[in-house]
Number of protein chains: 2
Amino acid sequence: MSRATSSPNNRATRPDIAEQLAEAIFSGVYAPGDFVPKELDLCEQYSVSRSTVRSALQTLVAAGMVKRISGQGSRVRELAEWHLLDPRVSDWMARFAQPNPRIRREIFAFRVAVEPFVARLAAENATAADLLAIETAYHGMIRALETPDHLYQGVSHDDHDVAFHEAIFAATHNLLWSQISHVLKPAIALLVETSNHSADELNDSMERHRLLMEAIRLRQPEQAEAAALSVLERTGLDLGLEGLSSHLPTLRLPGVGRLEPS
Amino acid sequence: MSRATSSPNNRATRPDIAEQLAEAIFSGVYAPGDFVPKELDLCEQYSVSRSTVRSALQTLVAAGMVKRISGQGSRVRELAEWHLLDPRVSDWMARFAQPNPRIRREIFAFRVAVEPFVARLAAENATAADLLAIETAYHGMIRALETPDHLYQGVSHDDHDVAFHEAIFAATHNLLWSQISHVLKPAIALLVETSNHSADELNDSMERHRLLMEAIRLRQPEQAEAAALSVLERTGLDLGLEGLSSHLPTLRLPGVGRLEPS
DNA sequence: CACGATCCTATGTCGGACATAAACGGAGCA
DNA sequence: TGCTCCGTTTATGTCCGACATAGGATCGTG
């Protein structure tokens, strides 16, 4: 893509207007109920034509973030109306809503609910190809840790981590669960980036990942469920996100340690 | 927006082009990998300008259903890439993909996984206002059944049923779970419409709904989880969707009857 | 003060024009 | 002969200018 606008200098990076607006909304520049600038103002602000601006706004409409009222303007909708399950919104949310504790907390609560169950489904339905994908991601995490720059085959440890979780979602062989992985992917990436500090924590985290993988391989749904919870518990500890135990499914598993703090 | 149809003078019943294309895609007219007609052809076909056609196509792009390749055309993407969690796509899916048994089955499997857990969260977090909403929907279902045309306050029994489930999602007070309700709403509506046949079945269904509501009111998460499963089991029976028991979480609940068909 | 007609604003739609990306096909060269 | 390279074709991406339309705000009148 390119520029070809009236800008005399080389404006190589055309800013994604939809994304910029989304960032502004997520960061609170335009709060729910507010109006974003009208089309013509945005045209001037970004030096693009009205078509381009309208295209960007339509993206935000599709994301449920703004509502366009003919003759009045484009108003930011309430947070609850946003399509948080849209991969694009999820991506923006992960990148722009970082410091927002509420969103962060709810995403984590959601993961705590979803991933154990997904792990169970994966343990029940994983094929050889799924196991291979999971294992590849796992070994990528290990290998990356062994390198000084935490890179393996050009991919960071964190990305392998994300791929690991993604592969588990895919192993459910259910369209909707797989979709949720796309949604959660940016969120997982965000949480992964901001956790995993010390070497001890990393080792512990890797061991929990390994147990999860093994449970899926051995077709042990309940162990997989518990192991997924264990992985998340590790993440939650790293993030200092406690108090979510009320959201945890109360498992009664013989061989696996309980997680309740009480 | 919506069509005030019967405006026969000029552009009668402006058809939502995005929706029509979506219907064509869902019904298989354009299969994944195929190209939809190019913009200019669509302009002629619908007698609208290119802007309008582009707007519609962009909607489909936002839905992940088509990928536009500059200079080549707009190609239908693979089913797995569609944003099935987008409320709009979910709505189309419910209305246009009815006979598709695979999608139907996966939606139901998804519900079986999600709704019990949501019921648990609702039992833990429901406020008085949430309980009121649930109860209102429940009584709407009852009242509607008592009328000859199954309407209560102008709303059908099925719609009250949908509202019932929606209220439970909202009671989780988690943004993402509530979002899933928006996604599942059309699917629930579809399943509700095509089930609930005889009077006996309806009575049984209502009783299961009542138990679910009571469990939420009494803050009994495990009972609520089981009751939600029970409601879905009833639906599954109505639909002849068996064989999903492997997807059911194995609950060990003392006071509530087991649900396994075996 | 109430109420309706009018104006105003910003979005929705239209039509045409040129720029751009990707696949196709033919010319030139080793 | 086989390969690369470059134009052509095609359909999308962007731009511009204009008018139509939907709401809200305003103002006038009874």
Side-chain angles (χ1 to χ4, degrees), chain A residues 1-21 24-25 30 33-77 88, chain B residues 1-21 24-25 30 33-77 88:
Chain A
M1 322 53 164
S2 43
R3 58 332 152 79
T5 54
S6 56
S7 260
N9 58 359
N10 192 345
R11 202 181 174 82
T13 62
R14 165 170 50 207
D16 185 334
I17 298 179
E19 189 167 305
Q20 293 222 357
L21 282 175
I25 292 173
Y30 309 115
D34 291 353
F35 284 90
V36 302
K38 61 186 182 187
E39 292 181 353
L40 291 179
D41 288 349
L42 290 173
C43 292
E44 189 172 354
Q45 180 175 346
Y46 293 101
S47 300
V48 293
S49 76
R50 205 172 143 222
S51 328
T52 309
V53 166
R54 282 182 58 76
S55 171
L57 286 174
Q58 198 170 336
T59 299
L60 294 182
V61 170
M65 292 175 63
V66 306
K67 177 181 186 176
R68 314 199 64 191
I69 307 171
S70 172
Q72 191 169 6
S74 305
R75 151 172 296 179
V76 179
R77 304 178 71 169
R88 195 186 316 240
Chain B
M1 316 308 174
S2 294
R3 207 54 324 239
T5 61
S6 69
S7 174
N9 45 6
N10 41 15
R11 300 176 187 77
T13 69
R14 165 165 44 224
D16 186 334
I17 298 179
E19 189 168 304
Q20 293 222 357
L21 283 175
I25 293 173
Y30 309 115
D34 291 353
F35 284 90
V36 301
K38 62 186 182 186
E39 293 181 354
L40 292 180
D41 288 349
L42 291 173
C43 291
E44 191 171 354
Q45 180 174 346
Y46 293 102
S47 301
V48 293
S49 76
R50 207 172 140 223
S51 329
T52 309
V53 166
R54 282 183 58 76
S55 172
L57 286 173
Q58 197 171 336
T59 299
L60 294 182
V61 169
M65 292 175 63
V66 307
K67 176 181 185 177
R68 313 199 64 191
I69 307 170
S70 171
Q72 192 169 2
S74 305
R75 157 172 296 187
V76 179
R77 304 179 71 169
R88 194 184 319 237

Undergrad: Choosing from D:dT21, D:dT12, C:dT13, which nucleotide comes nearest the side chain of B:Lys38?
TA: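 Side chain of B:Lys38 sits closest to D:dT12.
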Undergrad: Would you please name every residue forming a side chain to side chain donor-acceptor pair (under 3.5 Å) with A:Arg88, sequence neighbours left out?
TA: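 None.
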Undergrad: If you round to the nearest 0.5 Å, how far is CD of B:Gln20 from CD1 of B:Ile25?
TA: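 Reported value, rounded in 0.5 Å steps: 12.0 Å.
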Undergrad: Between the protein and nucleotides 16-19 of chain D, are there any N/O to N/O pairs under 3.5 Å, and if so, what are the atom names and distances?
TA:
{"unit_1": "D:dA18", "atom_1": "N6", "unit_2": "A:Arg50", "atom_2": "NH1", "d": "3.1"}

Undergrad: Using every non-hydrogen atom in the two residues, find where A:Ala56 and A:Ala18 come nearest and quote the distance to one decimal.
TA: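 So the two residues come closest at CB-N, 3.5 Å.
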Undergrad: Starting from P on C:dA22, measure out to CZ on B:Arg75 and report it in whole angstrom.
TA: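 Result: 13 Å.
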Undergrad: With nearest nucleotides of DNA chain D determined for A:Gly71 and A:Ser55 from heavy-atom distances, which residue corresponds to the more 5′ nucleotide?
TA: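 Per heavy-atom nearest nucleotide, the more 5' residue is A:Ser55.
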Undergrad: Between A:Lys67 (NZ) and C:dA10 (P), how many Å, whole number?
TA: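 After rounding, the reported distance stands at 19 Å.
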Undergrad: Out of curiosity, A:Leu42 CG to A:Ser74 OG, how far, rounded to the nearest 0.5 Å?
TA: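 If we round to the nearest 0.5 Å, A:Leu42:CG and A:Ser74:OG are 8.0 Å apart.
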Undergrad: Taking CG from A:Leu60 and C1' from C:dT11, how many angstroms apart are they, rounded to a whole number?
TA: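 About 15 Å, once rounded to whole Å.
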Undergrad: Using the side chain to side chain contact (heavy atoms under 4.5 Å, CB included) criterion, which residues pair with A:Glu39? Sequence neighbours excluded.
TA: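 Here the qualifying residues are A:Arg50, A:Val53, A:Arg54, A:Leu57, A:Arg68.
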Undergrad: Choose from C:dT11, C:dA23, C:dT20 the nucleotide whose nearest atom is closest to any side-chain atom of B:Gln72.
TA: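 My answer, after comparing the listed nucleotides, is C:dA23.
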Undergrad: To the nearest angstrom, how far is A:Glu39 atom CD from C:dA10 atom P?
TA: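 About 11 Å, once rounded to whole Å.
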Undergrad: Looking at C:dG12, I'd like to know if its phosphate oxygens (OP1 or OP2) sit under 4.0 Å from a side-chain N or O belonging to B:Thr52.
TA: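 No, B:Thr52 has no side-chain N/O under 4.0 Å of OP1/OP2 on C:dG12.
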Undergrad: Round to the nearest Å and state the distance from B:Leu40 atom CG to D:dT12 atom C1'.
TA: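 Rounded to the whole Å, the gap is 10 Å.
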Undergrad: Answer with base, sugar-phosphate or nothing: what part of the nucleic acid does A:Ser74 contact at a heavy-atom distance below 4.0 Å?
TA: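 The answer is sugar-phosphate, as A:Ser74 gets under 4.0 Å only of primed atoms, P, OP1 or OP2.
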Undergrad: Quick check: are there more than 12 heavy atoms from other residues, nucleotides or ligands sitting under 6.0 Å from CD of B:Gln45?
TA: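 Yes, the 6.0 Å shell around CD holds more than 12 heavy atoms from other groups.
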Undergrad: Between C1' on C:dT13 and CG on B:Asp16, what's the gap in Å once rounded to a whole number?
TA: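 Answer to the nearest Å: 15 Å.
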Undergrad: Roughly how far, to the nearest 0.5 Å, is the OG1 atom of B:Thr52 from the CG atom of B:Asp16?
TA: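 Here the interatomic distance stands at 11.0 Å.
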Undergrad: For A:Arg54 and C:dT13, give me the distance from atom CZ to atom C1', rounded to whole Å.
TA: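 These atoms are roughly 8 Å apart.
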Undergrad: Below the 4.0 Å mark, does C:dA10 have OP1 or OP2 next to a side-chain nitrogen or oxygen of A:Arg68?
TA: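 No, no such contact exists.
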Undergrad: Let me know the distance between CD1 of B:Ile69 and C1' of D:dA11, rounded to the nearest Å.
TA: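 That distance rounds to 11 Å.
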